[in-house]
A.B. asks: 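Input: one structure, supplied below.
We number each residue from 1, following the sequence as shown. When reading the values below, keep in mind they use all heavy atoms of this one structure, side chains included, and skip hydrogens, waters and symmetry mates.
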Amino acid sequence: VASAEFVPKPELSGDAGDPELARAEAVQEELSWQWERDFRAQTSTPTLVPNPFEELFFDQYIDHYNLQHSGTFKQRYLVSTTEWGGPGSPIFFHTGGETTDVALEWASLGYVHTLAHKHKALQVFVEHRFFGKSQPHPGNSSFELQGDRIGTLSLEQALSDYVAVATFVREQYNASRSPVISFGASLSGLLAAYTRIKFPAVFDGAVSSSSPFFGHPGAEMVKRKFDWREVLTNNFDTISPGCPKLVQQGFRELLLDPNASHVFADPCSQVPADTNALAQVAWMKLEMMGQFPYPAGAAGRGGEIHAQCAAMEASVMGHNPVFSHLVGLRLPGQPCPAAGHSEPPAKQVNSSTSTRNPDPAKGFFGDAWLYLSCTDIVIPIGSNNKTDMFPAHDWSYKAWGQSCQHRFHVQPRPERFFEKMGTLRSEDLAATASRLLFTYGDSDPWKVFGLKDSPADDIEVLTIPGGGHCSDLEAPRLDDSEPVIEARSRIDHKVGQWIQAAQLQRGVKVSATAAKFLAPQ
């Protein structure tokens with residue numbers, strides 16, 4: 001999950017009709033999908049080999065709760081039977097999140113594939129409605145501002161999607177006695193947890209990595225609105241000491257220097273730079289890197305932080321703007337591109353022909369994610385430029401509501417989803433749920449919105465020293481730390497326990513070897 005903000009700072013917002021806001025949103029949406037793709041490609045581990053899967057489509061109800069609306073759409077899901085031991089063996093169910101390509105998300109959960117091999121599990125991955133190929137209506141009409149269009153995008157509808165697909169798969173594979181364990185990371189981790197909480201007859205356990213389980217803007221969370229970026233800033237300072245001060249200098253150069261539009265102009269065109277848009281480029285790329293500091297070595301994701309900070313130092317030494325490399329600025333003396341060649345981000349942002357991505361399903365900041373951030377996933381994330389390295393942005397519920405009203409004609413009611421799920425408080429969770437494992441890296445900014453302590457014996461919260469966002473579910477690496485290895489071992493043991501307990505409940509014969517997982521540890 002990227003931090004859900006239309007605009008990252010007051011200077012970029014203005015009022016609801018400010019054309020600068022529209023331009024900033026256009027830049028954000030147009031380029032963010034490229035950065036997501038490139039960042040994942042640069043930081044993917046060489047040991048990660050996606051489990052072969054079959055791409056299928058399920059006839060899913062557009063609206064599970066309005067019987068006047070009986071329409072269906074084709075929801076994409078992936079299935080792998082490569083490791084499956086047959087009926088009675090488990091089903092690992094991946095709850096899709098806010099990804100542009102469900103195959104990329106499948107590939108990123110490499111450790112789950114390792115578990116599938118060990119436990120002989122069939123794997124299913126369902127794409128979240130309104131993302132990727134799972135569009136309820138043709139073209140962009142899914143995103144029309146109507147109750148029967150984008151109004152059917154909600155976490156509650158998504159949970160019902162997952163129940164429908166899980167039930168169908170069980171029938172298709174004669175697997176009515178097979179335990180179903182759900183897995184997810186970040187937003188999909190939140191959804192994985194709720195499959196077990198709300199539908200325990202279908203889902204026998206859930207592993208939820210890095211989920212913002214208590215992220216809604218209640219009084220306590222609003223008090224902590226600066227904590228997310230403080231953790232992220234600390235990641236930069238840990239990997240490259242002093243780098244946050246360079247970042248602050250970089251933002252000052254972009255946003256406070258009266259000559260910045262000329263300093264950052266492309267020398268090949270001399271078009272004045274849109275420094276607000278360039279600040280968004282820098283802001284988003286820094287946040288993307290800061291969520292993934294694990295592994296911290298040069299070959300790991302943390303190596304990207306070190307490389308960017310080193311480039312900032314080099315820019316200062318060379319008397320160039322701090323963010324020259326970060327925003328792809330072409331410096332004087334560098335050759336201009338030949339006709340037909342792609343331009344760096346700075347040139348794309350400065351171009352007067354830059355337009356909004358025509359596909360609202362694309363990108364971390366596409367319309368589907370933005371709509372959810374105005375309805376079910378309203379998360380208070382601000383900055384103060386004191387405990388963090390970003391320009392001051394005092395998040396407020398009122399301002400967020402105005403943005404949502406302007407963009408989608410909705411007013412956020414963030415407690416609504418959690419009230420319906422019965423999980424406004426951790427003690428509510430303890431009273432109704434079981435077989436849940438929540439994991440958080442202590443270097444993951446999203447831990448701020450997670451559970452801190454285990455509320456019940458069968459609801460475990462595991463904090464991983466040095467872990468980043470969702471790092472425990474990524475493919476094992478040669479340079480994995482001991483805490484991450486131990487966390488995966490704990491996940492393995494808990495999943496094994498749940499499988500064997502569910503098999504006994506359903507009358508599936510349990511081998512003596514498998515029964516060892518029933519012993520508490």
A.B. asks: In Å and rounded to the nearest 0.5 Å, what is the CZ to OG1 distance from F251 to T275?
C.D. replies: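 Reported to 0.5 Å precision, the distance equals 12.0 Å.
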A.B. asks: Considering non-hydrogen atoms only, spot the tightest contact between W400 and P412 and give its length.
C.D. replies: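 Residues W400 and P412, closest heavy atoms: CD1-CG, 4.0 Å.
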A.B. asks: Do S186 and S210 have a side chain donor and acceptor closer than 3.5 Å?
C.D. replies: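 There is no such pair between these side chains.
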A.B. asks: Between E127 and K133, is there a salt bridge with N-O shorter than 4.0 Å?
C.D. replies: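 So K133 does not pair with E127 through a salt bridge.
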A.B. asks: Nearest 0.5 Å please: distance from the NE2 atom of H469 over to the CE atom of M288.
C.D. replies: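 The distance works out to 9.5 Å.
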A.B. asks: Would you name the heavy atoms of H406 and H409 that are closest together and state the gap between them?
C.D. replies: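 What the structure gives for the nearest pair is O-CD2, 4.1 Å.
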A.B. asks: Which heavy atom of G189 sits nearest a heavy atom of S211, and at what distance?
C.D. replies: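 Here G189 and S211 meet closest at C-CB, 3.7 Å.
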A.B. asks: With respect to W446, which candidate in W228, F292, F214, Y440 satisfies the ring pair (Phe, Tyr, Trp, His ring centres under 6.0 Å) definition?
C.D. replies: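 Going through the options one by one, the only one that passes is W228.
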A.B. asks: Are the aromatic ring centres of F130 and F143 under 6.0 angstrom apart?
C.D. replies: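 Ring centres of F143 and F130 closer than 6.0 Å.
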A.B. asks: Counting heavy atoms not belonging to H262, are there more than 12 under 6.0 Å from its NE2?
C.D. replies: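 Counting neighbours around NE2 of H262, 12 or fewer heavy atoms of other residues, nucleotides or ligands fall under 6.0 Å, so no.
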A.B. asks: Decide side chain to side chain donor-acceptor pair (under 3.5 Å) for S208 and Y194; before the verdict, give the C-alpha distance in whole Å, the side-chain angles of both, and the deciding distance to 0.1 Å.
C.D. replies: CA-CA 9 Å; S208 175; Y194 277 112; over 6 Å; no
A.B. asks: Under a 3.5 Å cutoff, is there a donor and acceptor pairing between the side chains of E98 and H128?
C.D. replies: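 There is no such pair (donor and acceptor under 3.5 Å, judged by atom type) between the side chains of E98 and H128.
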A.B. asks: Looking at K245 and D237, is any side-chain nitrogen of the basic one under 4.0 Å from a carboxylate oxygen of the acidic one?
C.D. replies: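 No, this pair does not count.
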A.B. asks: Let me confirm one number: the CD-CD distance from Q411 to Q405, rounded to the nearest 0.5 Å.
C.D. replies: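 Those atoms lie 5.0 Å apart.
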A.B. asks: Assess the residue pair T195 and S182 against the criterion (side chain to side chain donor-acceptor pair (under 3.5 Å)); give the C-alpha distance rounded to whole Å, side-chain angles, the decisive distance to 0.1 Å, and a yes or no.
C.D. replies: CA-CA 7 Å; T195 60; S182 54; 2.8 Å; yes
A.B. asks: Does either side chain, that of N384 or that of T387, offer a donor lying less than 3.5 Å from an acceptor on the other one?
C.D. replies: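 Result is yes, a qualifying pair exists.
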A.B. asks: L232 and L286: which non-hydrogen atoms are nearest, and at how many Å?
C.D. replies: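 Nearest pair, atom of L232 first, then L286: CD2-O, 4.0 Å.
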A.B. asks: F213 and ring pair (Phe, Tyr, Trp, His ring centres under 6.0 Å): which partner among F438, F417, F449?
C.D. replies: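 Result: among F438, F417, F449, F438 is the only option passing the ring pair (Phe, Tyr, Trp, His ring centres under 6.0 Å) with F213.
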A.B. asks: Please walk me through it: do D367 and R407 pass salt bridge (charged side-chain N to carboxylate O under 4.0 Å, His left out)?
C.D. replies: CA-CA 10 Å; D367 283 6; R407 179 68 180 270; 2.6 Å; yes
A.B. asks: Between D442 and T463, do the side chains contain a donor N or O and an acceptor N or O under 3.5 Å apart?
C.D. replies: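 Their side chains do not contain a donor-acceptor pair, so the 3.5 Å distance test is not met.
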A.B. asks: Compute whether any side-chain donor of one residue and acceptor of the other, for Y111 and D492, lie under 3.5 angstrom apart.
C.D. replies: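 Short answer, no.
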A.B. asks: For Y371 and F408, take the angle between the two ring planes, folded into 0 to 90°, and tell me which bin it lands in: parallel under 30, tilted 30 to 60, perpendicular over 60.
C.D. replies: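 Perpendicular: the ring planes of Y371 and F408 meet at over 60°.
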A.B. asks: Give a yes-or-no answer on whether the side chains of S209 and D472 include a donor-acceptor pair shorter than 3.5 Å.
C.D. replies: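 Yes.
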